[in-house]
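Single-structure report; data block below.
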Amino acid sequence: MSMNQLWFWIGFVGMVIGACIFGSRAIATRRREGMEFHLESFFICLTAATLYLTLATNLTVINFKGESIFLGRYIDWSITTPLLLIELGVLAGLRLKLLAGVVLADLYMILTGLVANLEAAPTSFLWWTISTGAFVAIFLSLLTEFTHSAARRSVRVNNLFKKMRNILLVLWTAYPIIWLLGTEGFAWIPTPIETVLYTIVDLCAKVGFGFILTSADPETLADAADPSHIKETAESYMASASQMRSNRSY
Ligand code: RET
């Protein structure tokens, strides 16, 4: 078994463990508000486990112009990264339209990242830059719109949001850096090491992130998930924005 394959199996087992933890938490909290966080974390790990299995068994490792492309990784990301952003959006009580915009930017980031992977240098660096542009837009929206919206929620929900936002920002930043260091970028690290790094960050961003989120105090999660709260947060945020506009002197 190659080092790549071994790490795909490790990724698979880690994600299955995550799915079991969050699945059982979702069942245990099924009659309580806030169970959606457990359920979403379960589906994130289930999706990743499934795609790691297809990578480990070579189904989604494709040969393109003589190079191995790990397509399964991109299929996984295009499903799980929107789900992770939706989790944060619900915590922040973000307006649905804004959340939809961020999810679209995220899909654009993953798809152009795949193109960067398929292309040869130097064009691949152009696509990396385009994909990183979308990443920067997401990064900034988390620090601005998400953060302003979360500031209108209860102190405990806001604190949980800030913790999860910071973890997400740090972990996600690792991806474009690994790409640059890896074989598709400057080739400073060999492909197997790149696979090890992606697998470790993936496990932290899905199992670790989900574990911290779903271990939060159940009252805070119930508060965060309350749909009337989310609506109120969005409305008060919009109202203050229009107030700011009418106060502005030209
Ligand atoms: C690529 C390469 C091109 C530039 C950028 C990338 C970003 C990828 C990211 C992936 C996040 C994945 C997560 C997975 C599961 O938990 C496509 C590597 C910006 C941010 C969080």
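For ligands, and for the atoms within them, numbers begin at 1 and follow the listed sequence. Everything quoted here is computed from the prediction, not taken from an experiment.
Between Tyr52 and the options Thr57, Thr47, Asp202, Thr60, a side chain to side chain donor-acceptor pair (under 3.5 Å) holds for only Asp202.
Shortest contact from atom 15 (C) of ligand 1 to any protein heavy atom: Lys206 NZ, 2.6 Å. Nearest protein neighbour of atom 20 (C) of ligand 1, counting heavy atoms only, is Met109 CE, 3.5 Å. When only non-hydrogen protein atoms are considered, atom 4 (C) of ligand 1 lies nearest to Ser131 OG, 3.3 Å. Closest protein heavy atom to atom 17 (C) of ligand 1: Gly113 CA, 3.7 Å. For atom 21 (C) of ligand 1, the nearest protein heavy atom (residue, atom name, distance) is Trp172 NE1, 3.2 Å.
Relative to atom 10 (C) of ligand 1, the option among Tyr74, Tyr175, Tyr198, Phe209 with the closest non-hydrogen atom is Tyr175.
The aromatic rings of Tyr74 and Trp77 lie perpendicular to each other, with more than 60° between the two planes, well past the 30° mark.
Close approach of ligand 1 to Thr132 (heavy-atom distance below 4.0 Å) involves ligand atoms 4 (C), 19 (C). Close contacts of ligand 1 with Phe135, meaning ligand atoms under 4.0 Å from a residue heavy atom, involve 19 (C). Near Thr81, the atoms of ligand 1 lying under 4.0 angstrom from a non-hydrogen atom of the residue are 11 (C), 12 (C), 13 (C), 14 (C), 21 (C). Counting atoms of ligand 1 from 1 in the listed order, those under 4.0 Å from a heavy atom of Ala205 are 16 (O).
Note on ligand 1: Leu84 sits in its first shell, one or more heavy atoms being nearer than 4.0 Å.
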query = Going through the checks in order, is the ring pair (Phe, Tyr, Trp, His ring centres under 6.0 Å) test met by Phe135 and Tyr175?
reply = CA-CA 10 Å; Phe135 175 70; Tyr175 289 88; 8.7 Å; no
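For Phe125 and Phe186, the ring centers are positioned less than 6.0 Å apart.
Here Trp179 has side-chain heavy atoms under 4.0 Å from ligand 1, and that is the only part of it that gets that close.
One side chain, Arg25 or Ser215, offers a donor N or O that lies under 3.5 Å from an acceptor on the other. A donor and an acceptor atom, one from each side chain of Glu194 and Thr183, are located under 3.5 Å apart.
Here the closest non-hydrogen pair linking Trp179 and Ser124 is CH2-O, 3.8 Å.
In this structure the side chain of Arg165 never reaches within 4.5 angstrom of the side chain of Phe146, judged on heavy atoms.
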